[in-house]
Visitor: 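I'd like to ask some things about the structure below.
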2 protein chains.
Amino acid sequence: MSPEPSGTSRQRGGLPEKRKAIAAAARAVFAREGYTRASVDAIAAEAGVSKRTIYNHYRDKEQLFLLTIQESAVSVAAAHLDLIQHGLCDLEDLEEGLVAFGRAWVVPQPDFEDHFALVRVIIAEAARLPEAVLQGWLEAGPRPVTAGLTKAIGELVDRGLLVTDDLDETVRHFVLLVNTEVLEQSFHHAIPLPAADLDRLVRSGVRTFLRLYRP
Amino acid sequence: MSPEPSGTSRQRGGLPEKRKAIAAAARAVFAREGYTRASVDAIAAEAGVSKRTIYNHYRDKEQLFLLTIQESAVSVAAAHLDLIQHGLCDLEDLEEGLVAFGRAWVVPQPDFEDHFALVRVIIAEAARLPEAVLQGWLEAGPRPVTAGLTKAIGELVDRGLLVTDDLDETVRHFVLLVNTEVLEQSFHHAIPLPAADLDRLVRSGVRTFLRLYRP
DNA sequence: GTCTATATGAGGATAGAC
DNA sequence: GTCTATCCTCATATAGAC
């Protein structure tokens, strides 16, 4: 349709420009439609690329999906690790710090809408996905975040702000009380909670967490 | 294929026999395949019925799906309420009773496999489902179970076995610690956890719950 | 209950740009 | 010659006609 200005895809080999467009379009369309309903045609249209071009870069639709969820997991994990770095280390007031972090973590950031939609697709397809893919996704996304949380909460323990004899369980409880509750109630962010409810849940989650682990 | 003995669908109006077969087949196929991938053809085949018969009983595929999840929610809620009745009322040892109940609740019962698969489909389609349908499903399934749990746990509070100043939150914490943790880890039962892990999670969940609410 | 109309999807073939 | 775009094929879906 639109005449494509001109020099778009010049970058050493000639590949990456359009490939990025395809990856972004795939993320958006798979997120919006789910795996089966998403058509390669739609992805091509959204990327401003011909369908054939997609098959030049990706073996088939399944491969495209697998790479899409993997990339999404990696980028969101990086963002969350950043949040942990800035929000959980060097906090002054314990309760307020945890609440602020929890809120930032759990509020559905517009940039991550697609990611959460993809997570819902993964849940839906989990039983059909190759075991290795699912494990790879866990390695790339959730696991590093848990590891970062463990490190950060471990430091709080070291500083004497929290007490526990099972750090991993403590981290699971934090995730459960602050994050998972929200996920369940919002159908994994398919039906966003009102901001007020969200705030209340995070605050009450943190308070309960502290009832368990405050010295 | 099989010649269908003869007098199968005699029941006052003539409807319900085949309708039940269709409902059962729809539950199975939607659970196995998800909404989009499931074909009405496959459902008809599984029900031993012609496709036309399905369209005689249900307006279209979407309507069939909506009624299917509703019926599934109702029947599983009834079973879970039964479990609560038999497992949570009149328990002798508090911790052991809660653990036994939690295990029975959370272990993926073969009869409910389809139900959990449907829940995954609901999560996947949640953003596309009519608001009213989702609310109706919550009313029919999860809500009554929560209500039953609230009643049962309320009685434990009345008997002085637990203390709380916010019963609803207490119930949410029980659900979270005993059930939700398992759901998250198993991708809502798409990837079943080893029995040992499951046991450990329930036991540790109950223990944490008691740390919060034991007098 | 079978048979058909219509549409849409995945992936391959064929032809054009630089 | 490499990368892109348009057209083709074959399978399968829903829903309605017979």
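All chains are named by letter (A, B, ...) in the order of the sequence lines, taking the proteins before the strands, and each is independently numbered beginning at 1.
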Visitor: Name the nucleic acid region contacted by Val49(A), choosing base, sugar-phosphate or nothing; use a 4.0 angstrom heavy-atom cut-off, strictly under.
Guide: sugar-phosphate
Visitor: Restricting to nitrogen or oxygen on both sides, can you table the protein-nucleotides 15-18 of chain D pairs closer than 3.5 Å?
Guide:
residue: dA15(D); atom: OP2; partner: Tyr55(B); partner atom: OH; Å: 2.8
residue: dA15(D); atom: OP2; partner: Lys61(B); partner atom: N; Å: 3.4
residue: dA15(D); atom: N6; partner: Lys51(B); partner atom: NZ; Å: 2.9

Visitor: Sorted by first residue and then second, give each ring-ring contact (aromatic ring centres under 6.0 Å, His included) pair with at least one member in residues 27-54 of chain A; sequence neighbours left out.
Guide: Phe30(A)-Tyr35(A), Phe30(A)-Phe65(A), Tyr35(A)-Phe65(A)
Visitor: Under the rule for ring-ring contact (aromatic ring centres under 6.0 Å, His included), what residues qualify as partners of Phe209(A), not counting sequence neighbours?
Guide: Phe174(A), Tyr213(A)
Visitor: Between Glu169(A) and Arg207(B), is the closest basic N to carboxylate O distance under 4.0 Å?
Guide: no
Visitor: Find the bend of the helix from dG1(C)-dC18(D) to dC18(C)-dG1(D) as the angle between its two terminal axes (five pairs each), to the nearest 10°.
Guide: 20°
Visitor: To the nearest angstrom, how far is Ile54(A) atom CD1 from dT6(D) atom P?
Guide: 13 Å
Visitor: Residues two or more places apart in sequence or in another chain: which of them pass ring-ring contact (aromatic ring centres under 6.0 Å, His included) with Phe112(B)?
Guide: His80(B)
Visitor: List the residues meeting side-chain hydrogen bond (donor to acceptor under 3.5 Å, both in side chains) with Ser39(A), not counting sequence neighbours, and say none if there are none.
Guide: none
Visitor: Holding to salt bridge (charged side-chain N to carboxylate O under 4.0 Å, His left out), I want the full list of residues that pass it with Glu33(A), two or more places apart in sequence or in another chain.
Guide: none
Visitor: Not counting sequence neighbours, which residues clear side-chain hydrogen bond (donor to acceptor under 3.5 Å, both in side chains) with Ser72(B)? List them please.
Guide: His115(B)
Visitor: Rounded to the nearest angstrom, tell me the gap between atom CD1 in Ile43(B) and atom C1' in dA13(D).
Guide: 12 Å
Visitor: May I have all residue pairs that pass ring-ring contact (aromatic ring centres under 6.0 Å, His included) and include part of residues 127-148 of chain B, sequence neighbours excluded?
Guide: none
Visitor: Near DNA chain C, counting only heavy atoms under 4.0 Å, which residues of residues 30-39 of chain A show up?
Guide: Ala38(A), Ser39(A)
Visitor: Per the ring-ring contact (aromatic ring centres under 6.0 Å, His included) rule, what does the pair list look like for residues 181-205 of chain B, sequence neighbours excluded?
Guide: His188(A)-His188(B), Phe116(B)-His189(B)
Visitor: Just the rounded figure in Å: distance from C1' of dT14(C) to CG of Asn56(A).
Guide: 13 Å
Visitor: Taking only residues two or more places apart in sequence or in another chain, which ones pass salt bridge (charged side-chain N to carboxylate O under 4.0 Å, His left out) with Arg27(A)?
Guide: none
